[in-house]
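Note sheet for the following structure.
When a ligand or atom number is given, it counts from 1 through the structure's own listing order. Sequential numbering from 1 along the given sequence is applied to the chain's residues.
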Amino acid sequence: MKLTGVELRKVRMPLVAPFRTSFGTQTARELLLLRVATDETEGWGECGTLADPVYSPEYVDGAADVLRRYLIPALAARDRLDATNVGPALSVFHGHRMAKSALEMAVLDAELTACGVSLARELGAVHDRVPCGVSVGIMESIDHLLEVVGGYLDEGYQRIKLKIEPGWDVLPVRAVRERFGDIMLQVDANTAYTLADADLLARLDPFDLLLIEQPLAEEDIVGHAELAKRVRTPICLDESITSARSAAAAITLGACRVVNIKPGRVGGYLEARRIHDVCAAHGIPVWCGGMLETGLGRAANIALAALPGCVLPGDTSASGRYYHTDITAPFVLDDGHLPVPTGPGIGVRPIPELLDEVTTSTEWLPL
Ligand SMILES: O=C(O)CCC(=O)N[C@@H](C(=O)O)c1ccccc1
């Protein structure tokens, strides 16, 4: 397969409601899509960076720049191209895992489309539908939180994830547990605490949470291992897990008992599968995280969520959780589950007129 050109397309999709986390509030999702044209087919990739470097060091314009100046030219120089050699070809460039992930995803989609194989089949999926969790932002009041959580449970979501931060943690968790009983419930701190908060975080133990996600700083693996000795609730890592090797190190150090796998964060779906396999070898449950993807990234995440080690519901919500209109056919919850796409490649394509409506810029790079 030979690369003939890449389209960089920025889109801006309004959210159905503001989404507040410990790293800020979003009212729209700006992100970068890639369309890779080859001598056989084309493929789509989605770059999960936020508009600003507040979740990870990457951001939309930085990802576009590194793709345009370094990553795409490095691939164009290769005679033969397949998804397995994208990672090695880009390894000379440090970091930029979300940008690399988007490019690998697009090449993987093109390659699998050309040979009529679904991404789910390629990754080793064992389910044809996946149970879905939902992420609930920080709210301005407990009453509003309970109303929102009740609505998601009525829609059929199998697991509730509450965003927390200092000042919004024990009270919302207690209120949700008291109102809704023994639902599957977890929290996500997005690095908002320090080891000095260990006693505060231990006050979450009585609420029988599935996990506490990323309570401490991304690089504080030793701190998470120390926290795990002082808090009974399982620690789950997100931002800290950047590769299969970092997953193995964190597990060995006792820093986590659960891992959130986000393909964009780790450089792509092939590394995501390697993390899944490393965790499975250590008996560590995993689940597929989310980054407010469009239907393109959502389709690929659902394929990953169908792997055998993904034993916890992921942040693979319906399209309508975030968007009034998706750029693909919408993913609609059915009995708390979403179907795993079966078509070639990622199994979905953008609907041109819907994609054009949210496009803020497009750039064609001939190769
Ligand atoms: O359901 C989703 O797609 C979002 C789940 C979620 O909370 N994602 C958070 C996170 O910290 O995990 C996030 C959102 C946007 C970007 C990065 C991370």
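The backbone and the side chain of Asp315 each have at least one atom closer than 4.0 Å to an atom of ligand 1 (non-hydrogen atoms only). With a heavy-atom cut-off of 4.0 Å, Asn260 does not touch ligand 1 at all. Contact annotation: for Leu50 versus ligand 1, heavy atoms closer than 4.0 Å belong to the side chain alone.
The distance from ligand 1 to the heavy atoms of Asp188 drops below 4.0 Å at these ligand atoms: 10 (C), 11 (O), 12 (O). Which parts of ligand 1 touch Phe19 is read off a 4.0 Å heavy-atom cut-off, strictly below it: atoms 7 (O). Residue Lys161 has at least one heavy-atom neighbour below 4.0 Å for each of these atoms of ligand 1: 6 (C), 7 (O), 12 (O).
Here SG of Cys256 is found 12.0 Å from CG of Leu227. Values are rounded to the nearest 0.5 Å.
Heavy atoms of other residues, nucleotides or ligands lying less than 6.0 angstrom from OH of Tyr152 number more than 12.
Backbone and side-chain nitrogen or oxygen atoms of Asn190 are examined, and one is located within less than 3.5 angstrom of a nitrogen or oxygen of ligand 1. The N/O atoms of Lys262, backbone and side chain alike, include one that comes under 3.5 Å of an N/O atom in ligand 1. Close N/O approach between Tyr322 and ligand 1 is found [any backbone or side-chain N/O within under 3.5 Å]. Taking distance alone, with nitrogen or oxygen atoms compared against 3.5 Å, Arg29 stays at or beyond that limit from ligand 1. Considering backbone and side-chain atoms together, Phe23 places no N or O closer than 3.5 Å to any N or O of ligand 1.
Sorted by first and then second residue, the ring pair (Phe, Tyr, Trp, His ring centres under 6.0 Å) pairs involving residues 321-352 (not counting sequence neighbours) are Phe19-Tyr322. Residues in residues 86-108 take part in these ring pair (Phe, Tyr, Trp, His ring centres under 6.0 Å) pairs, two or more places apart or across chains: Tyr70-Phe93.
With salt bridges taken as basic N to acidic carboxylate O contacts below 4.0 Å, one links Arg129 and Asp335.
Ligand 1 has no atom lying under 4.0 Å from any heavy atom of Thr21. The closest approach between Glu239 and ligand 1 stays at or above 4.0 Å for every heavy atom of the residue.
When hydrogens are left out, the protein atom nearest atom 8 (N) of ligand 1 is Gly290 O, 2.9 Å; that is the closest non-hydrogen contact. Nearest non-hydrogen protein atom to atom 3 (O) of ligand 1 is Leu292 N, 2.8 Å. At the top of the distance list for atom 7 (O) of ligand 1, counting protein heavy atoms only, stands Ser135 OG, 2.8 Å.
Between Thr362 and Glu7, the side chains place a donor N or O and an acceptor N or O closer than 3.5 Å (distance only, hydrogens not considered). Under 3.5 Å, the side chains of Arg9 and Thr359 contain a donor-acceptor pair of N or O atoms. Counting only N and O atoms by type, the side chains of Ser141 and Asp143 include no donor and acceptor under 3.5 Å apart. At a cut-off of 3.5 Å, with distance as the only test, a side-chain donor of Ser240 or Gln214 sits close to an acceptor on the other residue. Using a 3.5 Å distance cut-off with no hydrogens or angles, the side chains of Asp39 and Thr4 do not pair a donor with an acceptor. A donor-acceptor pair shorter than 3.5 Å can be found between the side chains of Tyr55 and Asp238.
For atom 9 (C) of ligand 1, the candidate residues are Lys163, Gln214, Met291; the nearest heavy-atom contact is made by Lys163.
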